[in-house]
Student: 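Please see the structure below; I have some questions.
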Amino acid sequence: EKQEEDTLRELRLFLRSLTDRLVQDRRFKAFTKPVDKDQVPDYHSVVQHPMDLSTMLSKIDQQKYLTVKDYLHDVDLIWNNALHYNPDNDPYDRQIRHRAYALRDMVHGIIKAELEEDVERNCELIKEAR
Ligand SMILES: O=C(C1CCC1)N1C[C@@H]2C[C@H]3C[C@@H](O)[C@@H](O)[C@]2(C1)O3
């Protein structure tokens with residue numbers, strides 16, 4: 001239906017704009033691309049569900065996110081994976097964890113400030129009806 005596709009398109013536009021801001025933020029450089037298996041051989045045995053911002057951008061374009069909630073699930077994966085794989089009390093791990101929190105907090109702040117409530121409500125109704 002026309003209105004439904006318009007709502008889903010508005011969600012994609014918002015999620016692209018949000019994700020682009022994260023990709024451009026120098027703090028989040030480590031989160032922009034998948035962790036390289038060759039450089040980090042044990043990564044995929046420790047982290048079951050890798051996620052990164054470039055993967056999320058392609059998921060937006062593949063229309064994999066029907067709701068903000070679906071998008072936030074992948075943001076939480078980036079956050080949790082970073083905490084899980086970088087748990088130590090050394091400067092590098094602590095910096096990664098601090099940046100993972102900053103990423104998660106920036107996402108929630110932008111959603112609260114910029115997304116009209118009824119867009120998310122309508123997207124969830126569309127998703128349930130499909
Ligand atoms: O967890 C991550 C990324 C940070 C968020 C995703 N990595 C795992 C490796 C451990 C640590 C040091 C380097 O070995 C570098 O390759 C990684 C990348 O950081």
Side-chain angles (χ1 to χ4, degrees):
E1 197 183 314
K2 191 84 185 64
Q3 295 94 310
E4 291 191 357
E5 291 315 314
D6 288 347
T7 302
L8 295 175
R9 190 173 306 105
E10 182 175 359
L11 177 69
R12 290 195 302 273
L13 279 170
F14 171 74
L15 295 180
R16 269 190 214 99
S17 154
L18 167 49
T19 312
D20 284 344
R21 280 178 266 175
L22 302 175
V23 166
Q24 283 148 25
D25 191 314
R26 296 196 348 229
R27 293 174 295 171
F28 307 141
K29 180 128 182 57
F31 304 114
T32 54
K33 291 286 185 303
V35 171
D36 186 333
K37 287 190 230 257
D38 307 339
Q39 284 162 24
V40 193
D42 75 329
Y43 189 76
H44 290 77
S45 61
V46 174
V47 171
Q48 309 309 318
H49 302 288
M51 188 45 63
D52 70 280
L53 295 172
S54 68
T55 299
M56 293 180 68
L57 274 171
S58 65
K59 285 180 75 171
I60 293 168
D61 293 339
Q62 295 169 60
Q63 309 196 25
K64 294 278 179 70
Y65 301 124
L66 282 177
T67 65
V68 171
K69 201 173 288 181
D70 295 342
Y71 177 91
L72 287 173
H73 181 269
D74 280 350
V75 172
D76 272 354
L77 274 182
I78 292 178
W79 170 69
N80 250 313
N81 291 343
L83 301 191
H84 182 53
Y85 191 86
N86 306 283
D88 301 337
N89 190 24
D90 67 65
Y92 180 86
D93 283 22
R94 287 163 52 86
Q95 183 185 63
I96 284 288
R97 295 200 301 274
H98 188 266
R99 289 168 165 175
Y101 276 98
L103 177 88
R104 190 188 64 162
D105 294 349
M106 182 170 165
V107 168
H108 286 273
I110 289 172
I111 289 168
K112 187 177 169 75
E114 299 181 17
L115 184 67
E116 303 292 318
E117 280 123 72
D118 55 357
V119 170
E120 175 61 2
R121 198 178 317 113
N122 291 341
C123 288
E124 289 184 17
L125 290 172
I126 293 167
K127 178 180 174 181
E128 296 324 312
R130 293 200 171 183

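Whatever order the structure lists ligands and atoms in, that order sets their numbers, starting from 1. One-based numbering along the sequence shown.
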Student: What are the two closest non-hydrogen atoms of Tyr85 and Val47, and how far apart are they?
Tutor: CB-CG2, 4.1 Å

Student: Is atom CZ of Arg94 surrounded by more than 12 heavy atoms (other residues, nucleotides or ligands) closer than 6.0 Å?
Tutor: no

Student: Would you mind writing out a table of all protein N or O atoms found under 3.5 Å from any N or O atom of ligand 1, naming both atoms and giving the distance to 0.1 Å?
Tutor:
residue, atom, partner, partner atom, Å
ligand 1, 1 (O), Asn86, ND2, 3.0
ligand 1, 19 (O), Tyr92, OH, 2.9

Student: Ignoring hydrogens and angles, state whether a donor on the side chain of Asp70 or Thr67 is under 3.5 Å from an acceptor on the partner side chain.
Tutor: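 Short answer, yes.
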
Student: Can you sort out the partners of Glu124 under side chain to side chain donor-acceptor pair (under 3.5 Å), two or more places apart, ordered by chain and number?
Tutor: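 Listed in chain order: nothing, the list is empty.
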
Student: State whether the side chain of Asp90 and the backbone N or O of Asp93 hold a donor-acceptor pair below 3.5 Å, judged by distance alone.
Tutor: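 Checked: pair present.
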
Student: I want to check something: taking the side chain as every heavy atom from C-beta on, are Pro34 and Thr55 in contact at a cut-off of under 4.5 Å?
Tutor: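 Yes, their side chains come closer than 4.5 Å.
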
